[in-house]
Each structure stands twice: as structure tokens, then as C-alpha cells.
Number of protein chains: 2
Amino acid sequence: MTETKVPERTARLEEQLCFAVYQAGHAFTRMYRLALAELGLTYPQYLAMLVLWDGDGVTVKALGERLSLDSGTLTPLLKRLEAAGLIRRERSRQDERQVHLYLTDAGEALREKGACVPAAMGEAIGEIVNSDGRLLGDLKALREALLKASDHS
Amino acid sequence: MTETKVPERTARLEEQLCFAVYQAGHAFTRMYRLALAELGLTYPQYLAMLVLWDGDGVTVKALGERLSLDSGTLTPLLKRLEAAGLIRRERSRQDERQVHLYLTDAGEALREKGACVPAAMGEAIGEIVNSDGRLLGDLKALREALLKASDHS
DNA sequence: GACAATTTAATTGTGCGCAATATAAATCAT
DNA sequence: ATGATTTATATTGCGCACAATTAAATTGTC
């Protein structure tokens with residue numbers, strides 16, 4: 001037993017799962033950037049619009065839960081969408097703490113142009129890698145495990 | 001054949017691969033945040049230190065290629081690491097365009113504390129999901145496909 | 001050797017992402 | 001009903017991420 005205590009090399013960057021996720025995320029936003037620029041949207045703005053296209057009138061809070069984002073991120077993002085004329089922000093009469101989000105006609109109209117974005121992406125790469133939804137499932141499981149493990153509450 | 005042309009619903013957010021990657025990335029940085037805060041590092045700073053621990057003296061350019069980040073991101077980040085006393089930035093004598101990055105004693109000393117970070121993470125979640133490196137491989141393949149597809153050059 | 005083209009960093013400006021805090025409204029407890 | 005607690009949004013501040021530009025050094029060409 002030659003106890004060769006190698007000075008505990010930290011794992012190589014490229015072999016770490018966190019880095020792979022980090023890089024894949026950047027690659028995705030880069031990929032979406034061009035297509036979304038034609039819609040005048042950033043990627044996070046596009047995600048917000050996806051939620052509203054799925055059904056508007058939701059509150060900022062509900063949107064935040066769907067996207068895992070807080071008001072510190074959403075408030076300025078939503079103000080930009082409002083300034084772009086895509087949504088309206090209306091404070092609730094029943095509960096004046098809440099702000100409901102509605103699509104304008106322009107925001108509704110953008111849905112169709114937005115609809116072809118994931119299709120274009122999907123054809124380019126989706127089937128190649130995500131053959132049977134396995135990767136998607138793995139990532140969801142990963143996220144769950146991460147959230148569970150980092151539940152500092 | 002009842003041709004019910006449903007108004008082309010955009011895919012649900014939660015079923016989109018890009019969103020899963022986006023969410024997993026956030027979950028990772030959240031998970032790392034606490035452990036890294038004890039080292040006084042952010043997650044991107046930790047990635048930079050990983051590269052330098054793997055071998056210092058590299059240029060900003062080389063670091064950027066390793067991390068897929070440009071000088072716009074790296075210059076201020078490296079200045080912060082320098083201000084924290086972890087690295088030195090030295091402009092090359094041979095080629096004054098280049099800046100080489102060296103670990104200080106403090107930066108070198110941080111390696112050991114940093115070494116237990118991925119271990120703690122890995123034990124918490126690594127084995128659960130990444131049973132045999134399949135997920136890692138899938139993500140790398142995904143990244144490759146994305147970069148290839150978005151090679152606007 | 002002079003000058004154009006390329007390369008490397010740094011700078012500027014915009015938009016997330018998130019912690020911490022503030023503010024105001026609603027709810028709860030007495 | 002009044003005061004304490006909780007909830008929803010907004011604000012502030014810091015640190016990425018990246019496009020676009022600038023500045024300076026190097027290389028290539030003639």
C-alpha cells in the first residue's frame with residue numbers, strides 16, 4: 001500500500017457537471033439571440049412572453065414562480081416589455097398589492113412570430129440530442145436534487 | 001379527418017429543453033453560492049480560479065477560451081480577484097498586448113479550501129442524477145450542437 | 001522601413017440575477 | 001377596532017454576460 005497522497009487535484013473544469021450546464025446555458029442564449037432579436041426580445045423577456053401567451057392576467061408573483069425569478073429581476077424586465085408596448089401592468093382593485101399582466105394587441109400579435117422560434121431551434125438541434133426526452137428528464141431531476149440540497153430554509 | 005387546426009400553441013415552457021437548462025443553471029449557482037461565499041468567491045470567479053489552479057501564467061485570452069468568456073466579462077472579474085489578493089495580472093514583456101495571470105500565495109492557499117467544494121456538491125447530488133456521466137456527455141453534445149447551429153460566421 | 005491588417009485587452013452601455021431593503025396593502029390576533 | 005405580522009411589488013446595489021468600440025502592440029506586405 002503505497003500511500004501516495006496526491007495533493008487532491010480539483011476536478012478538471014470540463015468534467016464538472018455544473019460547468020457543462022453553465023456552458024450549455026450560454027450556448028442556448030447565444031443560439032436564441034439572433035432569432036429573438038428579430039422579435040425585439042431578450043431570452044428572459046421571451047420566457048415571460050411564453051407564460052403570458054399561455055394565459056395572461058397572471059400576477060407578477062405567479063409569473064415569478066413559473067420562471068423562478070423575483071421582483072428584483074421581473075419589475076424592470078416587465079417595465080421594458082410595457083415600454084415596448086407588448087404588455088400592460090394593472091394593479092388589482094381587489095388586492096392593491098398585486099399587479100396583473102395583460103397582453104396588448106401587439107403582444108398578442110407577436111405570438112405567431114414567436115411560435116416559429118422553438119421550431120427553428122428544435123429542428124436544428126432538438127432531435128439530435130434530446131432523442132426521447134431523456135435529457136429533459138435528467139435536467140429536471142438535476143434541478144430538483146439541487147433545489148432540495150440547497151434548501152437553506 | 002377532422003382538420004382541427006389548433007392555433008399552433010407554443011410549447012409549454014416546462015417542456016422546453018432551453019428552459020430546463022436555464023433552470024438547472026440557476027439551481028447550480030444557488031447551490032454553490034453558500035459554499036463559495038465562504039471562500040469569498042462568486043461562481044464565475046470560482047471557475048476562473050479552477051483554471052488557474054490547474055496551471056497559472058495563462059493569458060486572459062486563454063482563460064477566456066477555456067471559459068467561453070470575453071474581456072468585457074473577464075477584465076472586471078480579474079480586477080476583483082486581484083483586489084482580493086488572489087491573483088496578479090502581469091503584462092507580458094515579450095508581447096505587451098497580453099496579460100498573464102498568476103496565483104498569489106493567498107490564491108494558491110485557497111486551492112485546498114476550494115477542493116472540498118465540488119466534493120460536497122457531488123456527494124449531495126452528483127451520483128443521484130449523473131449516474132454514469134451520461135448527463136455530462138449529453139450536455140456536451142448539446143453544447144456542440146448549439147454552437148454549430150448558431151455559428152453565425 | 002512604412003503602412004495596413006490583425007490581435008489582445010480594456011472600456012462603455014444595456015440587461016439580467018439576486019440579496020437586501022423599503023413600502024404599502026392585506027390579514028391575523030387580541 | 002388596533003396593532004403586529006405577513007404578503008406583493010418596487011428599489012438599490014453589485015456582479016456577471018455580451019455587443020460594440022477603442023487603444024495599443026504585433027505581424028504581414030510591399
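Throughout, a chain's letter reflects where its sequence line sits, starting with A, and its residues are numbered from 1. Predicted model only: the values in this text are computed from it and were never measured.
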Q: Have a look at B:Y22 and tell me which of A:Y43, A:Y22, A:Y32, A:F28 forms a ring pair (Phe, Tyr, Trp, His ring centres under 6.0 Å) with it.
A: A:Y43

Q: Using whole Å, report how far CG of A:L67 lies from P of C:dG17.
A: 9 Å

Q: Taking atom P of D:dC16 as reference, at what distance in whole Å does atom CG of B:D70 sit?
A: 13 Å

Q: Side chain of A:P44 only, heavy atoms from C-beta on: which candidate in D:dT9, C:dA9, C:dG17 is closest?
A: C:dG17

Q: Tell me what B:L74 touches on the nucleic acid: a base, only sugar-phosphate, or nothing, going by heavy atoms under 4.0 Å.
A: nothing

Q: Determine whether a donor-acceptor pair (one donor, one acceptor, N or O, separation below 3.5 Å) exists between the side chain of A:S71 and the base of D:dA10.
A: yes

Q: Rounded off to whole Å, could you give me the CG-to-C1' distance for the A:L69 and C:dG15 pair?
A: 13 Å

Q: Taking all atoms of both residues into account, what is the closest heavy-atom pair of B:R111 and B:W53, and its distance?
A: NH1-O, 2.9 Å

Q: Take atom CZ of B:R89 and atom C1' of C:dA9, then tell me their distance rounded to the nearest Å.
A: 9 Å

Q: By nearest heavy atom, map A:T73 and A:R93 onto DNA chain C; which one lands nearer the 5' end?
A: A:T73

Q: Check every strand shown and say whether A:T42 touches a base, only sugar-phosphate, or nothing at a heavy-atom separation below 4.0 Å.
A: sugar-phosphate

Q: What closest approach, in Å, do B:E96 and B:R91 show between heavy atoms, and which atom pair accounts for it?
A: O-NH1, 2.8 Å

Q: Provide the closest heavy-atom pair for B:Q23 versus A:L67 in the form atom of the first, atom of the second, distance.
A: OE1-O, 3.5 Å

Q: Grab the CG-P distance between A:L77 and C:dC16 for me, whole Å please.
A: 4 Å

Q: Checking all strands, does A:E65 fall into the base, sugar-phosphate, or nothing category for heavy-atom contacts under 4.0 angstrom?
A: nothing

Q: Closest nucleotide of DNA chain D for B:G72 versus for A:V99: which of these residues is on the 5' side?
A: A:V99

Q: Is the phosphate of D:dA25 approached by B:Q98 (side-chain N or O, under 4.0 Å from OP1 or OP2)?
A: no

Q: Closest-nucleotide mapping onto DNA chain D: is A:R97 or A:Y22 further toward the 5' terminus? I mean the 5' end.
A: A:R97

